[in-house]
2 protein chains.
Amino acid sequence: MIQDKKLNIINAAMKSFSHFGYKATTMDQIAKIAQVGKGTIYTYFSSKEDVLNEIIKLYVIEMRQVARGAIIQEDPFVKNFNAALHAITKFQEEHELMIKLSQEVKDMGTPEVIEVLQEVEDEICEFIEMKITAAIQRGELQKCDPKMTAFLMFKMYINLVNDWKERHQALDQDEITGFIKMYFIEGIGNKK
Amino acid sequence: MIQDKKLNIINAAMKSFSHFGYKATTMDQIAKIAQVGKGTIYTYFSSKEDVLNEIIKLYVIEMRQVARGAIIQEDPFVKNFNAALHAITKFQEEHELMIKLSQEVKDMGTPEVIEVLQEVEDEICEFIEMKITAAIQRGELQKCDPKMTAFLMFKMYINLVNDWKERHQALDQDEITGFIKMYFIEGIGNKK
DNA sequence: AATTGACCGTTATAGTATTATAGTCATTAT
DNA sequence: ATAATGACTATAATACTATAACGGTCAATT
C-alpha cells in the first residue's frame, strides 16, 4: 500500500512530464493526477528533482531490459549493436518522455533535465561498452578502448539516425547497420 | 577607395562581432568603429545580416586557404585530414569570431548565427568531401559515399576534440589522428 | 554621386506588480 | 502514533508597462 502510493505518484509525474515537460509540470498537478495531497509527495520524495531522478532510474532499468531483449547471442556484434540501439530508439519514441525532455532541453535548457538526459546517454554508452568488451574478448573486435569506442559508436549512430536526416534523406535500420559496419568495423582504408 | 570603405566596415564589424557577438553589436557601433556614418554601411550592405554573411564569406575563403596550406601532397589521407582539421581549429581559436558566435548560438540561439555556422560546417564538410573523392580515385580509400563519409569524419573529429574532453581527458593531435585512423580507416573488426 | 546623422516604426529592455510555484507544517484522519 | 492533507509562505516566474535602443530610411550636405 505504501509502495502503491509512491507508484501512483511516479506514474502521475511520468504522465505529466511526458505531456508537458519537467518545468511545466507542477507539484500540485502531480498531486491532483495521483489523487493525493501535495504534502504526501514529500513523504516519498525530497523534491521535484528527486521525483524526476527516480523516474529516470526506473526508465533506465526498463531501457536496459529492452536493449537486452534485442540482443541475439549468436548474432555478430554490429548487428546486435544496431538492434539494441534501434530498440532503444523505438522505446523512446513509444514513451514520449524522452522526446518531450529533449525538446525542453533544446528550447529552455532546463539544467535538471540536461543532467538526467546525460545520465541516460551515459547509461546507453555503458551498455555498449559492456558489449564491446565482450566482443573484444571473443576476438570479434580488435583491442581498443571500450569506453571511447562505445562513445564514438553511439555518437555515430545518433549522427546517422538524427543529424544526417536534417540535411539529407533519412536512413532505414538496415542502411544504418551497413554504414556502421562499413565505417567502424571494416574501415574504408585500402590495404596494400 | 570604394573598396577601402567597404573593407573598413567589414573589419569594424568583424572586430565587434568577435568581441560582443552578433546580437550585441549595433549598426551604430560598427559605423563608429569604421568611422563612417551609419547610412554609409547601407551603401555597401543591405542589412546587418548581409554584413554577417559577407564576413563569413571572407572567413570561409581564408579558412579554406588555411586548410589547403596544411595539406602535404605526399602524405596519406588521414594525416592530411587531421592536419587540415587541426589547422582549421587553430585558425578558429586565433580569430575569436567563431568561438563568440558559437557561444551566442548556445546561449541565445540567434537564428542568423545558427545559419552561418551551419554554412561554415557545410564548407568544411565539402572540403573534406573533395579530399575523400580524390583519395578514392587514388585508390587510397575504398569506394564510399564521399558526402556521408565527410559528414561522419567531421562529426567524429568534433566528438574527439570537443565532446570527449567534456567527460574525460582531452586528447592531443596525434592521439586524434591515431583514433580516426584506427576507427575509420582500418576498422576495429577482426577479419577471420 | 556619395555620405551623413537625425529621424521613424518596431523591437527589446528595465522596472514593477502580480501571479504561480516548490516546499513546509499545523491540523486532521486513520 | 503515523500518515495524509491543503492552507500557507517565501521565492521565483510571469505579465505588464514605460522607456530606451535598435535597424533601417532619407532629406540635407558635401
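Chain A is the first sequence line, chain B the second, and so forth, proteins listed ahead of strands; every chain is numbered from 1. Computed from a predicted structure; not experimentally measured.
- The aromatic rings of B:Y157 and B:F81 sit perpendicular to each other, their planes meeting at more than 60°, with 30° as the lower class boundary.
- Scanning for ring-ring contact (aromatic ring centres under 6.0 Å, His included) contacts around A:Y59 gives A:F91, with sequence neighbours left out.
- Between A:K6 and A:E54, at least one side-chain N (NZ, or NE/NH1/NH2) sits under 4.0 Å from a carboxylate O, which counts as a salt bridge.
- We find that CD1 of B:I41 is positioned 11 Å from P of C:dG5, with the value rounded to whole Å.
- Whole-Å rounding puts the B:Q35 CD to C:dT4 C1' distance at 15 Å.
- The side-chain tip of B:K48 points at the ring of B:Y22 from less than 6.0 angstrom away and within 45° of straight on.
- DNA chain C is contacted by both B:V36 and A:T40; B:V36 maps to the nucleotide lying nearer its 5′ end (nearest heavy atom per residue).
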Would you list the protein and nucleotides 20-22 of chain C atom pairs, both N or O, that sit under 3.5 Å from each other?
| residue | atom | partner | partner atom | Å |
| --- | --- | --- | --- | --- |
| C:dA22 | OP1 | A:T25 | O | 3.3 |
| C:dA22 | OP1 | A:K48 | NZ | 3.0 |
| C:dA22 | OP2 | A:M27 | N | 2.8 |
| C:dA22 | N7 | A:K38 | NZ | 3.2 |

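- Taking atom CD1 of residue A:I9 and atom C1' of nucleotide D:dT5, one finds them 12 Å apart after rounding to whole Å.
- Taking the six-membered ring for Trp and thresholds of 30 and 60 degrees, B:H168 and A:F151 have ring planes more than 60 degrees apart, a perpendicular arrangement.
- Contact annotation: B:K5 side-chain N/O to C:dA2 OP1/OP2 distance is not under 4.0 Å.
- As a whole-Å value, the separation of B:D4 CG from C:dT3 C1' is 15 Å.
- As a whole-Å value, the separation of B:E112 CD from C:dT11 C1' is 13 Å.
- Distance, B:K32 NZ to D:dA21 P: 13 Å, rounded to whole Å.
- Comment: A:E104 does not engage A:K23 in a salt bridge, judged by the lack of any side-chain N to carboxylate O separation of less than 4.0 angstrom.
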